[in-house]
> 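This is the structure I have questions about; it appears just below.
Below, chain A is the first sequence line, B the second, and so on; all start at residue 1. None of the values given here were measured: they were computed from a predicted structure.
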There are 2 protein chains.
Amino acid sequence: MSLTHALLGLLAVRPSSGYELTRSFEGDLGRYAWQAGHTSIYPELTKLAERGLVEVAHEGARGSRTYAITTEGRAELREWLMAPPRGGRVRNEQVLRMFLISALDPKDALVLLRGIAGHTGERAGELRAIRVETDDVPFTSPEGFGLLAAEYGIRQYDAVHSWALWAIERLEKELDRSRT
Amino acid sequence: MSLTHALLGLLAVRPSSGYELTRSFEGDLGRYAWQAGHTSIYPELTKLAERGLVEVAHEGARGSRTYAITTEGRAELREWLMAPPRGGRVRNEQVLRMFLISALDPKDALVLLRGIAGHTGERAGELRAIRVETDDVPFTSPEGFGLLAAEYGIRQYDAVHSWALWAIERLEKELDRSRT
DNA sequence: ACTCGACATGTCACTATTGACACGTCACGG
DNA sequence: CCGTGACGTGTCAATAGTGACATGTCGAGT
């Protein structure tokens with residue numbers, strides 16, 4: 001299961017409580033890579049602890065438990081990451097919508113495509129605007145994660161934006177032709 | 001559930017049997033947008049038929065049933081597609097791996113990033129090579145789906161390729177600095 | 001003293017999905 | 001005639017994941 005490795009990865013970067021991990025999934029991680037709610041995170045942490053891949057490093061206020069990755073956990077994570085790129089699971093509702101546009105009539109399709117182009121263009125711009133100069137932040141640090149995600153997000157929105165523009169042009173040409 | 005709409009979308013483009021739908025999910029659809037095996041497709045088709053969104057249009061050899069979308073099904077699909085872009089579900093194991101690179105030590109990270117850069121560069125090239133001139137194929141046709149997917153794929157691989165190159169450069173700079 | 005919102009963890013029923021197994025058909029080549 | 005591989009549909013147990021519900025703590029502001 002990927003949730004297993006997502007948690008190991010987050011804990012490898014920085015020891016965290018279940019609550020903090022849940023927060024992580026609400027950010028770029030959940031937006032681009034993998035979603036999970038606290039109801040799956042807490043049980044998974046328990047399982048990981050039983051398998052010796054993580055351990056409770058600290059118990060704090062309000063019954064909070066801070067988990068840390070163990071040496072075995074790190075080994076397991078590394079093995080998973082370095083493994084040959086198999087065809088991993090993919091589920092993306094937005095992309096599904098994009099592909100299914102071909103099932104709409106051209107007029108509806110154009111409306112949708114324009115919406116997508118507008119939205120992704122905006123988002124890409126926003127992300128660029130908040131991209132700060134971070135030459136001194138190393139990847140292999142708690143902040144590195146955010147850097148990687150931010151740069152990925154920009155490219156992602158650009159890609160979809162460019163795709164939508166291409167599709168709009170194609171579709172308009174098509175409509176022109178059918179009018180004559 | 002998105003599987004519902006994926007099936008409606010495919011059937012809106014062209015009536016198909018469960019077997020043919022299963023094949024569809026093995027192509028670009030499953031690669032970029034949404035996965036499903038025949039064990040979830042057949043029961044879902046039954047449910048859709050019960051709800052009146054699809055119907056059996058034809059029974060062929062080997063007990064095959066060709067399903068077609070109904071008017072109600074088309075309405076349901078259109079509603080789903082045109083709805084305001086909510087934050088749909090996202091699960092992508094490859095992207096998860098990419099983000100978790102920050103949990104590796106820099107040397108391993110470089111190896112992985114170079115692998116990703118190489119692989120995505122190759123794939124983008126392959127896709128470009130097989131991109132045929134298809135000026136006369138309209139989107140809103142069975143072939144339209146493949147067109148949309150192919151163009152998306154190219155941009156997708158380019159985006160990840162560019163991301164990996166950026167990450168490699170950053171990481172190398174980092175390593176240089178720490179050496180001095 | 002009280003209230004509110006963030007912090008923090010948990011259960012449980014239900015739904016979705018996967019993987020293993022199972023079964024039968026049709027066309028083609030040897 | 002036989003084998004093989006693609007075609008074609010299905011069940012079932014197990015696992016994964018979601019949403020509703022439940023419970024309590026702590027700090028800050030009023």
Side-chain angles (χ1 to χ4, degrees), chain A residues 1-8 10-11 14-27 29-30 33-51 54-68 80 86-93 96, chain B residues 1-8 10-11 14-27 29-30 33-51 54-68 80 86-93 96:
Chain A
M1 214 205 336
S2 295
L3 175 57
T4 306
H5 298 104
L7 292 177
L8 284 177
L10 289 171
L11 292 176
R14 161 174 43 198
S16 313
S17 66
Y19 186 81
E20 290 167 325
L21 291 168
T22 305
R23 289 278 98 79
S24 301
F25 282 95
E26 288 169 6
L29 181 64
W34 205 266
Q35 288 176 187
H38 80 278
T39 57
S40 49
I41 292 170
Y42 287 116
E44 185 64 27
L45 282 171
T46 306
K47 273 191 226 163
L48 286 172
E50 275 164 13
R51 290 175 56 195
V54 305
E55 61 187 3
V56 176
H58 175 72
E59 310 212 358
R62 284 174 267 204
S64 83
R65 267 158 290 138
T66 300
Y67 287 87
W80 183 77
R86 320 161 294 100
R89 283 148 213 266
V90 172
R91 289 244 149 112
N92 191 318
E93 211 174 295
L96 178 60
Chain B
M1 217 202 340
S2 295
L3 175 57
T4 306
H5 298 103
L7 293 177
L8 285 177
L10 289 171
L11 292 177
R14 161 173 44 198
S16 313
S17 67
Y19 186 80
E20 290 167 326
L21 291 168
T22 304
R23 288 280 99 78
S24 301
F25 280 96
E26 287 168 8
L29 180 63
W34 205 266
Q35 288 177 187
H38 80 279
T39 57
S40 49
I41 292 171
Y42 287 116
E44 185 65 27
L45 283 171
T46 306
K47 272 191 226 162
L48 286 173
E50 276 164 12
R51 290 173 57 195
V54 304
E55 61 188 4
V56 177
H58 175 71
E59 309 214 358
R62 282 173 267 202
S64 82
R65 268 158 289 135
T66 300
Y67 288 89
W80 182 76
R86 319 164 294 100
R89 282 146 214 269
V90 173
R91 289 243 150 112
N92 191 317
E93 210 174 295
L96 178 59

> Distance from B:T66 atom OG1 to B:E59 atom CD, nearest 0.5 Å?
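That separation rounds to 9.0 Å.
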> A:E44 pairs by side chain to side chain contact (heavy atoms under 4.5 Å, CB included) with which of A:V54, A:L7, A:L21?
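Of the listed options, the one satisfying the test is A:L7.
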> Distance under 6.0 Å and angle within 45° of the ring axis: does B:R23 meet both against B:Y19?
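Yes - B:R23 lies over the ring of B:Y19, closer than 6.0 Å to its centre and within 45° of its axis.
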> Got a sec, which residues hit side-chain contact (heavy atoms from CB on, under 4.5 Å) with B:A6, two or more places apart in sequence or on another chain?
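A:L96, B:F25.
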> Reading DNA chain D in the 5' to 3' direction, which nucleotide is the first one with an atom under 4.0 Å from a heavy atom of chain A, and which is the last?
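Using the under 4.0 Å cut-off, the span is D:dA16 to D:dC26.
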> Could you check B:R91 against B:T66 and say which one's nearest nucleotide on DNA chain D is further toward the 5' end?
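Residue closer to the 5' terminus by nearest nucleotide: B:T66.
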> Could you tell me how far apart B:F25 (CZ) and C:dT17 (P) are, to the nearest whole angstrom?
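Rounded to whole Å, this separation is 10 Å.
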> Would you compute the distance between atom CD of B:Q35 and atom CD of B:E26 and round it to the nearest 0.5 angstrom?
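Taking CD in B:Q35 and CD in B:E26, the distance rounds to 11.0 Å.
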> Any side-chain N or O of B:R89 below 4.0 angstrom from OP1/OP2 of C:dT17?
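No, B:R89 has no side-chain N/O under 4.0 Å of OP1/OP2 on C:dT17.
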> At their closest point, which heavy atom of B:L3 faces which heavy atom of B:W34, and how far apart are they?
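Reported closest heavy-atom pair: N-NE1, 4.1 Å.
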> Could you state the OH-P distance from A:Y42 to C:dC7, rounded to the nearest angstrom?
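After rounding, the reported distance stands at 11 Å.
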> To the nearest Å, give me how far apart CD (A:Q35) and C1' (C:dA16) are.
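That distance rounds to 14 Å.
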> Can you check the B:R65 CZ to C:dT25 P distance for me, whole Å?
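Those two atoms, CZ and P, are 15 Å apart.
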> Whole Å only: how far is the CD1 atom of B:I41 from the P atom of C:dT17?
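To the nearest whole Å, that distance equals 11 Å.
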> So does A:R62 get a side-chain nitrogen or oxygen closer than 4.0 Å to the phosphate oxygens (OP1/OP2) of C:dG10?
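Checking C:dG10 against A:R62, no side-chain N or O comes under 4.0 Å of OP1 or OP2.
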> Need to verify one output field. Residue with the more 5' nearest nucleotide on DNA chain D, B:E20 or A:M1?
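First, find each residue's nearest nucleotide; the 5'-ward one identifies B:E20.
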> B:L7 CG to C:dA16 P: how many Å, rounded?
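Spelled out: CG on B:L7 to P on C:dA16 is 13 Å.
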> Would you mind classifying the nucleic acid contact of A:S64 as base, sugar-phosphate or nothing, using non-hydrogen atoms under 4.0 angstrom?
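Touches sugar-phosphate only.
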> Without decimals, in angstroms, what is the distance between B:H38 NE2 and C:dA22 C1'?
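Distance check: B:H38 NE2 to C:dA22 C1' gives 10 Å.
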> Here's a test of your reading of the structure: between A:P43 and B:A61, which maps to the more 5' nucleotide of DNA chain C?
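Comparing both residues, the 5'-ward one is A:P43.
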> Could you give the distance from OG (B:S24) to CD1 (B:I41), rounded to the nearest 0.5 Å?
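Reported to 0.5 Å precision, the distance equals 8.0 Å.
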